[in-house]
Amino acid sequence: MSLESFFNPESVAIVGASRQKGKVGHEILTNMIGAGYEGRIFPVNPKADAIEGLECYPSLKAIGSKPDLVIVIVPAKAVPAVMRECAKIGVKSVIIITAGFKEVGEEGKELENQVLRIARQAGIRVIGPNCLGAIAPANKVNASFGGDLPSAGAIAYLSQSGALLAAILDMANASGIGFSKLVSIGNKTDIDELDLIKALGPDPDTKVIAGYLESISDGNAFVREAEQISHQKPILLMKSGATEAGAQAASSHTGSLAGSETAYECMFERAGIIRCESIKQQFDYAQAFANQPLPAGPRVAVITNAGGPGIMAADAIEQQGLTFAKLDDTTVAKLSAALPAAANVHNPIDVLGDALADRYELALEAALDDPNVDAVLVLLTPQAMTESAGTARVTVKMARQKPSKPILACFLGAAKVKEGVGILREGKIPQYDSPESAVGTIKAMADYARWRSRPKRVVKLFGVNRRKVENIVERHLRQSVYEIGEAESKEMLEAYGFVTPKGSIATTAEQAANIAQQLGYPVVLKIWSPDILHKSDVGGVKVGLKGEQQVRDAFDLMMYRIPKKLPEANILGVLVQEMCGGGKEVILGMNRDPHFGPLMMFGMGGIMVEVLKDVSFYPAPLTADEAKQMLLNTKTYQMLKGVRGEEGVDIEAVAEGLQRLSQLVTEFPQIQEMDINPYVVGPEGTTPIAVDARISVQQV
Ligand code: ADP
Ligand code: MG
């Protein structure tokens, strides 16, 4: 879908144009004129003959030709009539600035629905209502009341908050940040964030898509599209507010660990979307992404004329998980030969307080030529001799001569560095107000570059017994049973290649002792009832039973105590199970997000899972790398690897378990939620065991 008429209209009608200064209907008109718009503008207002020297029309029809874009500012109640008029004369693109629609309640919502119906019937695309408008600087289009036309640049911005967009415009205009397009999506009754990224993805004028969103209408479609686009250009998002998904029932203990925030977090990660915490951070990032190449790796070289900022940068590099570049011997030799003896010729390269622009130039050249350097940060403090403007000039020059590595600058100070900062901006070198924000930006670039260069996702498919699972799931659904008990949950897991502990059900102490004898000691006894979800909570699990007497006693005690505690529970007996010793307990799980589908979960298992919340999530289906990464994203991973000489567990086997589970939940969308807790994993070469499992299903 093309949004060309919004950003590059041949003619524009402004319905509700006003003579009165300060009114939105006046602002938009003067903004369009002030932007130098080259097409025709038709103000529509039955009460005026001319506004700002332009002939005014009593109605859209009276114009006599079809405007390419119509901007509507009339009161909400009058908007449907304007829409009908648009439909009649064949207008295809409308921006409704007017507020007073769904954001004010039922009546407004009805009005908005009416507008949407007319638009859909007539094939009209609508931005808004309740928005600030749209801006395309290169085309001299300022169809907004947000402020002056910003300069043209490579950043596209879409905002769900009009007020925020006004603030961004003000800030950008003050610091000379340029945009390709800016759109305030308002109530997004028709055009939403998905339409916009679809249009901006292939837009040659847009190198970076940035946005502020409070809700995402179709989360799944959005991240799918974003994932495609992220291969071409970065998407930087600020996302605030929870979604309807946040209201989902937290039906089981593990499911409740994944909120909608988590879902967004990991879907964004999967789609390569770069999440920003503030407008400042977003523009810190956007300027670098729009104007500098991506770093090939994480190794940063710092050039400075003062020790303090150099140390601050070094600390930030360390903290952010980037690498402090180790300069090549030839670079060190070059620098030693050229710089004064007191200079530091290792990273951070200290060109000293009395450095003029020439020292920066040769240090920059050396750093950019160094094969061990992926990005360069130029720090400057305005000391007595410092040439801030000259240094800015040589930085711009070097960036042009050696355009393959990113250069970021941090000229600290205010009045004394002002001219230099202006030259940097002009020369497209991003400038930061602290070493930390510059380093944070390099980190975002390095992460994104890594995302882009990751191998193509290949999801391994295991040979499984799908039919068996299908039978179990369908039988439950036919009988309207939505919780699959432990025994059949484990059968399903076995069908997908999991190993579960051996064991059988006993209904007498005698039987329990016999089963234990066959299994071999030690054994575990567990209460067996479809009505008891958390067995240990009611004293229904006894581990480490070492002989016949202990088994008989444990059996008798359970069968005496639990029915007293839970008289309603249907107790079928006691499960006598082999004991899995020596392993570590982890949890593998899945929670199906209503917007994003299955989210896999991994974390520390056993009863501590809810307390420690050391869990990680990622959308299924998982690749081997993604499964591995899920493990790495937890602290549990350190424990699994083995702490202080203690033997580690078979990490690959755990990752494989996650992949198998991911296949199961991908092939069975009926599975809403499940967990294996504990999944007992032992040393390398041993097979992990799914000791306990539960699965809940739903008709889909
Ligand atoms: P529930 O989660 O319903 O309380 P589980 O079957 O998960 O019941 O058992 C509770 C805990 O007992 C497990 O987390 C594990 O620590 C231990 N446990 C249970 N079965 C075994 C077994 N077969 N081998 C080793 N430990 C076990
Ligand atoms: Mg359990």
Side-chain angles (χ1 to χ4, degrees), residues 249-256 468-469 471-495 498 500-516 518-519 522-545 550-580 585 587-589 605-607 609-610 670-680 689-698:
S251 56
S252 94
H253 57 311
T254 52
S256 64
K468 179 157 189 189
V469 173
N471 287 339
I472 297 175
V473 169
E474 298 207 325
R475 180 160 36 77
H476 279 78
L477 290 174
R478 260 199 314 277
Q479 297 165 354
S480 302
V481 176
Y482 303 108
E483 289 291 331
I484 300 182
E486 185 177 337
E488 281 173 308
S489 292
K490 283 184 181 161
E491 277 179 43
M492 287 167 64
L493 289 173
E494 279 162 14
F498 286 89
T500 61
K502 286 200 223 51
S504 311
I505 312 290
T507 49
T508 62
E510 180 70 29
Q511 229 179 341
N514 283 338
I515 298 167
Q518 275 161 32
L519 289 173
V523 294
V524 181
L525 252 56
K526 294 184 191 180
I527 196 73
W528 197 244
S529 158
D531 303 320
I532 301 175
L533 277 183
H534 303 301
K535 299 174 288 294
S536 32
D537 288 357
V538 296
V541 177
K542 201 90 188 108
V543 301
L545 301 172
Q550 284 187 1
V551 169
R552 284 174 181 275
D553 291 349
F555 182 95
D556 289 338
L557 199 64
M558 263 184 211
M559 290 306 254
Y560 171 73
R561 276 199 187 153
I562 296 172
K564 268 182 130 181
K565 232 186 257 178
L566 302 168
E568 307 286 307
N570 175 21
I571 292 169
L572 305 174
V574 168
L575 174 69
V576 185
Q577 193 173 60
E578 76 176 313
M579 174 97 188
C580 322
E585 299 189 356
I587 177 168
L588 311 185
I607 48 173
V609 58
E610 280 131 279
Q670 301 95 322
I671 300 179
Q672 293 304 306
E673 207 174 335
M674 68 165 303
D675 57 68
I676 304 177
N677 184 19
Y679 190 53
V680 176
I689 307 211
V691 168
D692 185 21
R694 27 186 317 264
I695 296 176
S696 52
V697 287
Q698 235 173 58

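Each residue takes its place number in the sequence, starting with 1. Just so it is clear, the values below take in all heavy atoms, side chains as well, and ignore hydrogens, waters and symmetry mates.
In terms of heavy atoms, V469 sits closest to A495 at CG2-CB, 3.8 Å. A pairwise comparison of heavy atoms in M558 and I527 identifies SD-N, 3.9 Å as the closest pair. K490 approaches A690 most closely through the heavy-atom pair CE-O, 3.7 Å. Heavy atoms only, all atoms of each residue included: I505 and L575 are closest at CD1-CD1, 3.8 Å. Minimum interatomic distance between A512 and F555 (heavy atoms only, all atoms of both residues): CB-CD1, 3.9 Å. Heavy-atom minimum distance, P530 versus L572: CD-CD1, 3.9 Å.
Counting heavy atoms from C-beta outward, I532 and I562 have side chains that approach closer than 4.5 Å. Residues R475 and V481 form no side-chain contact, since every pair of their non-hydrogen atoms from C-beta on lies 4.5 Å or further apart. A 4.5 Å side-chain heavy-atom check between V523 and M579 finds every atom pair outside the cut-off. For the pair I515/S504, a side-chain contact is recorded, criterion being any heavy-atom separation below 4.5 Å from C-beta on. Side-chain contact between P522 and L545: absent, with no pair of heavy atoms (C-beta onward) separated by less than 4.5 Å. Between L519 and V576, some side-chain heavy-atom pair lies under the 4.5 Å cut-off. Contact check for V551 versus L525: side-chain heavy atoms found under the 4.5 Å cut-off. Proximity of K542 to Q550: side-chain heavy atoms (C-beta onward) are nowhere separated by under 4.5 Å.
Each salt bridge (charged side-chain N to carboxylate O under 4.0 Å, His left out) pair with one or both residues in residues 503-516, not counting sequence neighbours, appears once here: E510-R552. Each side-chain hydrogen bond (donor to acceptor under 3.5 Å, both in side chains) pair with one or both residues in residues 567-579, not counting sequence neighbours, appears once here: K526-Q577. Legend: side-chain hydrogen bond (donor to acceptor under 3.5 Å, both in side chains) pairs involving residues 555-566, not counting sequence neighbours, sorted by first then second residue: Y560-K564.
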_Full working for side chain to side chain contact (heavy atoms under 4.5 Å, CB included) between I671 and M492_ = CA-CA 11 Å; I671 300 179; M492 287 167 64; 4.0 Å; yes

*Run the side chain to side chain contact (heavy atoms under 4.5 Å, CB included) check on E491 and K468 step by step: do they pass?*
CA-CA 8 Å; E491 277 179 43; K468 179 157 189 189; 3.7 Å; yes

*Step by step, would you call Q672 with V697 a side chain to side chain contact (heavy atoms under 4.5 Å, CB included)?*
CA-CA 5 Å; Q672 293 304 306; V697 287; 5.9 Å; no

*Kindly indicate, with the supporting measurements, whether the criterion side chain to side chain contact (heavy atoms under 4.5 Å, CB included) is fulfilled by Q670 and H476.*
CA-CA 11 Å; Q670 301 95 322; H476 279 78; over 6 Å; no

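Side chain of S489 to main chain of I484: a donor-acceptor pair is present (N/O by atom type, distance under 3.5 Å, no hydrogens or angles). One N or O on the side chain of Q511 and one on the backbone of T507 form a donor-acceptor pair closer than 3.5 Å.
Remark: K535 engages E486, D692 in a side chain to side chain donor-acceptor pair (under 3.5 Å) (not counting sequence neighbours). Residues satisfying the side chain to side chain donor-acceptor pair (under 3.5 Å) criterion with Q518, sequence neighbours excluded, are absent altogether. For T508, the side chain to side chain donor-acceptor pair (under 3.5 Å) criterion is met by no residue, not counting sequence neighbours.
Considering CD1 of I689 and CG of L493, their distance stands at 12.5 Å, rounded to 0.5 Å. Within the model, atoms CD of E488 and CD1 of I695 stand 10.0 Å from one another, a figure rounded to the nearest 0.5 Å. Expressed to the nearest 0.5 Å, how far OG1 of T500 lies from CD of E494 amounts to 3.5 Å.
Salt bridge status for E673 with R694: absent, with no side-chain N to carboxylate O gap under 4.0 Å.
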